[in-house]
K.L.:
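Before anything else, here's the structure in question.
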Amino acid sequence: MLLATLVLEQNDDIRAEYQQRFEHILVDEYQDVNLASARLLRALARPGADVWVVADQRQSIYRFRGAEPSNVARFEAEFSGEKRSLKINYRSGAAVVRAFQSFAANMRSSSGGSWTASRGEVGALGHIVGPSLAAEAAGIRAHIEQARADGISYGEQVILARSHLTLARITGHLEKLGVPLLYLGDLFERPEIRDLLSLVSIDAEPGGIGLARVAQLPDYDATRGDALSVIAWAKENRVSVIEALGRIDEIADISQGGRAGLARLGAELQDFGPATTPWTLLTTWLFERSSYLAPLLEANDPKAQQQLVAIYQLLKVCGEMVAAGHSTRRQFLARIRRIEALNDDRVYRAVASEASGMDAVRVMTIHGSKGLEFRAVHLPALATTYMPANRQGIRCPPPPSLAHLAIRPEGHEAEEECLFFVGLSRARDFLFLSRAERYTSRNSTPSKFLSALTSLAPPRRHADSAVATPSARQFAPPTIRDRYEERELSLYLQCPARYQYERLDGLRGATDDAPYIRFHRCVYRTIGWIEAQRSAGQPATLDEAQAELARDWAEAGPVGHGFEAYYRSSADAMIATMVDVIAAETGTYDRGEWEILLDGKLVTVTPDRVIVAADGTVHVQRIRTGRKTKSEPENRVYALLREGARTRYPVRTVVIETFYLATRETVPVLSRKDDKLLAEYRQAIADIEAGQFAPAPKDARRCPSCQCYFICDYVQGVS
């Protein structure tokens with residue numbers, strides 16, 4: 001009897017060969033032979049031969065990869081077969097078998113099962129609970145070392161989790177604890193990769209921002225101030241940063257050690273121009289000119305080996321992107337920013353096959369572990385919302401004729417159970433479960449999947465432990481001021497590090513404003529001009545307003561951009577709206593900057609529009625060019641506008657509004673926790689004056705669009 005698992009073309013030559021060779025054909029659903037394959041194999045078999053369909057409990061655990069348990073029933077109906085369950089497990093020791101057997105007893109897509117462990121009473125279970133993610137990671141390290149002491153090498157162990165984000169959080173701490181891991185996480189957020197991307201960005205992206213990181217590498221011994229001096233000098237003298245490095249003796253305010261190091265960097269980057277590809281720059285700099293790799297090669301420890309693997313991976317990415325047409329450094333970096341913004345980096349997380357021989361703990365998602373086995377399996381983050389994951393809405397529903405393909409709530413629960421069963425059953429000898437009582441800023445509760453296992457592996461508490469972490473870069477507090485712009489405080493609240501880079505260090509690619517920003521700027525300027533004409537008693541016609549827009553557009557608009565026609569069409573429509581609105585208004589305009597006193601500090605803001613109606617009512621408007629959103633009234637700037645209006649117009653009725661240009665809709669914005677929102681401005685001022693500029697983005701999804709993305713130390717989910 002032979003096992004056939006290939007889907008073959010049905011032609012006369014193959015039919016003749018199989019009729020000659022196969023007397024019996026065994027079809028095993030576990031081997032991913034689908035119904036069509038089974039029909040084909042039966043057709044290929046010798047006339048009168050038996051086609052046997054064999055299924056076991058495994059058929060129900062792989063449904064998340066496209067297999068469907070109902071296929072087994074269809075096999076039975078199609079071939080008039082029978083279903084029998086396998087009784088012996090040849091992979092795992094008895095301790096592990098009891099674990100997944102206990103869990104399988106209550107699975108929705110399984111009738112349970114009873115297996116005998118062929119290998120007998122070998123192996124063990126472990127279960128730890130820590131107060132924090134750091135404590136959980138320390139407990140996992142203890143289990144890894146325990147398994148290693150029992151003769152299980154690092155390479156025979158694996159960490160499995162529901163998502164890459166969970167893996168990134170866990171491995172970030174394990175790397176600090178010195179655990180060798182065969183896992184890169186988000187390649188483009190690794191420190192050594194950020195070093196190299198910063199290098200690539202010098203003179204490839206506007207502003208020379210990458211030098212601020214590269215100059216502080218140990219080889220160059222330059223300070224942040226040294227790098228800022230070079231960047232400022234290059235801008236003032238209108239030369240490239242690489243050329244400025246070659247003329248370092250002409251630049252003042254450079255430390256003695258930094259001057260020698262930056263001169264050396266300039267020599268290493270000599271001859272690299274705008275046409276130099278990222279592949280040429282990196283390979284030449286790494287292998288021929290710099291000593292960046294020397295410490296890693298000399299250390300040859302697990303951490304250094306992983307860093308070398310990551311660098312090798314980046315070089316492969318360089319080659320692939322150049323082959324795909326992203327040949328310039330600027331195109332290369334823009335492509336990486338898009339990949340990160342879309343969270344589409346999974347293909348770059350897989351470690352190159354050349355590194356598979358490293359004695360390091362494997363790290364992968366449970367999805368990726370299908371069909372694999374390991375002597376020791378570590379399953380972290382077994383907490384509510386992490387395992388099982390919350391059900392997501394159906395983003396792309398199937399057509400009505402295929403409505404049965406939509407995953408229903410009960411189907412999601414069954415899939416999560418199957419996924420957990422896969423994780424449990426990958427272990428041969430040791431199975432270690434763990435969770436933390438707190439992830440990020442929220443407390444967490446045990447996963448409901450643990451209830452079936454706690455009697456077999458009672459949880460053991462692992463205390464929090466101090467983990468040595470690199471100290472954050474310290475910045476001197478800025479000069480104390482009495483006056484702050486609302487715009488800069490909002491930038492700080494968006495991300496303190498970005499505030500440091502842009503406002504204090506002046507690291508801005510100012511000549512490369514996004515076209516969307518330039519489009520907005522032209523619209524707002526033209527609206528101000530229309531109001532000024534109205535106040536002067538000379539209401540602007542539509543033709544005059546569009547002529548003014550054309551002048552602004554030629555000077556500051558997104559001229560030459562691929563979507564310029566779209567932006568210009570939108571701008572024309574918005575200006576036409578404002579001409580009509582302003583022509584119909586009978587009040588006066590109060591334009592200018594407001595000053596709001598908060599705990600002795602002045603915060604300035606300029607409202608988009610202030611209209612004083614004929615009856616004395618003051619309408620303070622914020623103009624929005626996009627669509628209406630539910631979150632708009634939550635913006636803290638409305639609290640600041642209300643506070644400013646109270647002091648500027650103490651005896652008048654004031655209405656704070658949002659005006660949507662696209663729909664001509666005016667929406668009043670009512671008071672919403674103003675004290676709390678104003679306190680955010682006060683706290684931002686206090687933190688700025690205390691010099692607190694650690695990376696802490698409010699929304700990490702915006703990070704790839706930041707001009708300082710490549711020089712930043714922030715790692716999503718870990719920092």
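Predicted model only: the values in this text are computed from it and were never measured.
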K.L.:
State, yes or no, whether a side-chain contact exists between His173 and Ile140 at a heavy-atom distance under 4.5 Å.
P.N.:
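No - every pair of side-chain heavy atoms lies 4.5 Å or more apart.
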
K.L.:
Measuring from Glu136:CD to Ile170:CD1, what's the distance to the nearest 0.5 Å?
P.N.:
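If we round to the nearest 0.5 Å, Glu136:CD and Ile170:CD1 are 4.0 Å apart.
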
K.L.:
If you compare all heavy atoms of Ser369 against all heavy atoms of Val422, which two are closest, and at what distance to 0.1 Å?
P.N.:
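Taking Ser369 first and Val422 second, the nearest heavy atoms are OG-CG1, 3.9 Å.
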
K.L.:
Determine whether His164 and Thr365 make a side-chain contact, defined as any pair of heavy atoms from C-beta on separated by less than 4.5 Å.
P.N.:
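They are in contact (side-chain heavy atoms under 4.5 Å apart), so the answer is yes.
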
K.L.:
Rounded to the nearest 0.5 Å, what's the gap from CG on Leu453 to CG on Leu431? Could you check?
P.N.:
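If we round to the nearest 0.5 Å, Leu453:CG and Leu431:CG are 8.0 Å apart.
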
K.L.:
Below 4.5 Å, heavy atoms only, C-beta onward: do Leu424 and Phe420 meet side chain to side chain?
P.N.:
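Yes, at least one pair of side-chain atoms sits under 4.5 Å.
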
K.L.:
Just to verify, what does Leu342 make a side chain to side chain contact (heavy atoms under 4.5 Å, CB included) with, not counting sequence neighbours?
P.N.:
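With neighbours one apart ignored, the set is Asp344.
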
K.L.:
Do you know the tightest heavy-atom contact between Phe100 and Ser92?
P.N.:
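Shortest heavy-atom separation between Phe100 and Ser92 comes out as CE2-OG, 4.0 Å.
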
K.L.:
Who pairs with Arg148 by salt bridge (charged side-chain N to carboxylate O under 4.0 Å, His left out), at least two apart in sequence or on another chain?
P.N.:
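For Arg148, the residues satisfying salt bridge (charged side-chain N to carboxylate O under 4.0 Å, His left out) (neighbours in sequence not counted) are Glu145.
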
K.L.:
Using the test side chain to side chain contact (heavy atoms under 4.5 Å, CB included), find all partners of Ile152 that sit at least two apart in sequence or belong to another chain.
P.N.:
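By the side chain to side chain contact (heavy atoms under 4.5 Å, CB included) rule, Ile152 matches Ala147, Glu156, Gln157, Arg375, Ala376, Asp429, Phe430.
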
K.L.:
How many angstroms lie between CZ in Arg91 and OG in Ser118, if you round to the nearest 0.5 Å?
P.N.:
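Here the interatomic distance stands at 13.0 Å.
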
K.L.:
Is the closest side-chain heavy-atom distance between Val158 and Leu372 below 4.5 Å?
P.N.:
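Of all side-chain heavy-atom pairs linking Leu372 with Val158, none is under 4.5 Å.
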
K.L.:
Cation-pi check, Arg702 to Tyr709: give yes when NZ or CZ is under 6.0 Å from the six-membered ring centre and within 45° of the ring axis, no otherwise.
P.N.:
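Checked: cation-pi criterion not met.
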
K.L.:
State, to 0.1 Å, how close Leu456 and Ala99 come at their nearest heavy-atom pair, and which atoms those are.
P.N.:
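Nearest heavy atoms, Leu456 then Ala99: CD1-CA, 3.8 Å.
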
K.L.:
Do Phe710 and Ile336 come close enough that some side-chain heavy atom pair is under 4.5 Å?
P.N.:
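Contact flag for Phe710/Ile336 side chains = yes.
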
K.L.:
What heavy-atom pair brings Leu296 and Ala304 nearest, and what distance separates the two atoms?
P.N.:
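Looking at all heavy atoms of both residues, the closest pair is O-CB, 3.4 Å.
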
K.L.:
Supply the atom-to-atom distance Cys703 SG to Arg701 CZ, rounded to the nearest 0.5 angstrom.
P.N.:
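Rounded to the nearest 0.5 Å, the SG-CZ separation comes out at 11.0 Å.
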
K.L.:
Check the orientation of Tyr386 and Tyr439. Use parallel for under 30°, tilted for 30 to 60°, and perpendicular for over 60°.
P.N.:
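The rings of Tyr386 and Tyr439 sit tilted, inter-plane angle from 30° to 60°.
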
K.L.:
For the residue pair Trp115 and Phe421, does the interplanar ring angle fall in the parallel (under 30°), tilted (30 to 60°) or perpendicular (over 60°) class?
P.N.:
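Aromatic pair Trp115/Phe421 classed tilted.
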
K.L.:
Check side chain to side chain contact (heavy atoms under 4.5 Å, CB included) between Glu192 and all other residues, then give those that pass, not counting sequence neighbours.
P.N.:
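By the side chain to side chain contact (heavy atoms under 4.5 Å, CB included) rule, Glu192 matches Arg190, Tyr292, Gln307, Ala310, Ile311.
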
K.L.:
Among all residues two or more places apart in sequence or in another chain, which pass the salt bridge (charged side-chain N to carboxylate O under 4.0 Å, His left out) test with Lys448?
P.N.:
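Listed in chain order: Glu413.
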
K.L.:
What distance separates Leu181 CG from Tyr154 OH, expressed to the nearest 0.5 Å?
P.N.:
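Rounded to the nearest 0.5 Å, the CG-OH separation comes to 10.0 Å.
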
K.L.:
Would you call Glu320 and Arg335 a salt bridge, using N to O less than 4.0 angstrom?
P.N.:
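Not counted as a salt bridge, because no side-chain N and carboxylate O are separated by less than 4.0 Å.
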
K.L.:
Side chains of Glu415 and Pro388: closer than 4.5 Å at any heavy-atom pair?
P.N.:
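Contact flag for Glu415/Pro388 side chains = no.
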
K.L.:
Could I get the full list of side chain to side chain contact (heavy atoms under 4.5 Å, CB included) partners for Pro446, not counting sequence neighbours?
P.N.:
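For Pro446, the residues satisfying side chain to side chain contact (heavy atoms under 4.5 Å, CB included) (neighbours in sequence not counted) are Arg435, Leu450.
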
K.L.:
Looking only at heavy atoms, which two atoms of Pro704 and Arg337 are closest? And how far apart?
P.N.:
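Smallest heavy-atom distance, with atoms named: O-NH1, 2.6 Å.
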
K.L.:
Locate the shortest heavy-atom distance separating Glu121 from Ala94; write the atom from each residue and the value.
P.N.:
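What the structure gives for the nearest pair is OE2-CB, 3.4 Å.
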
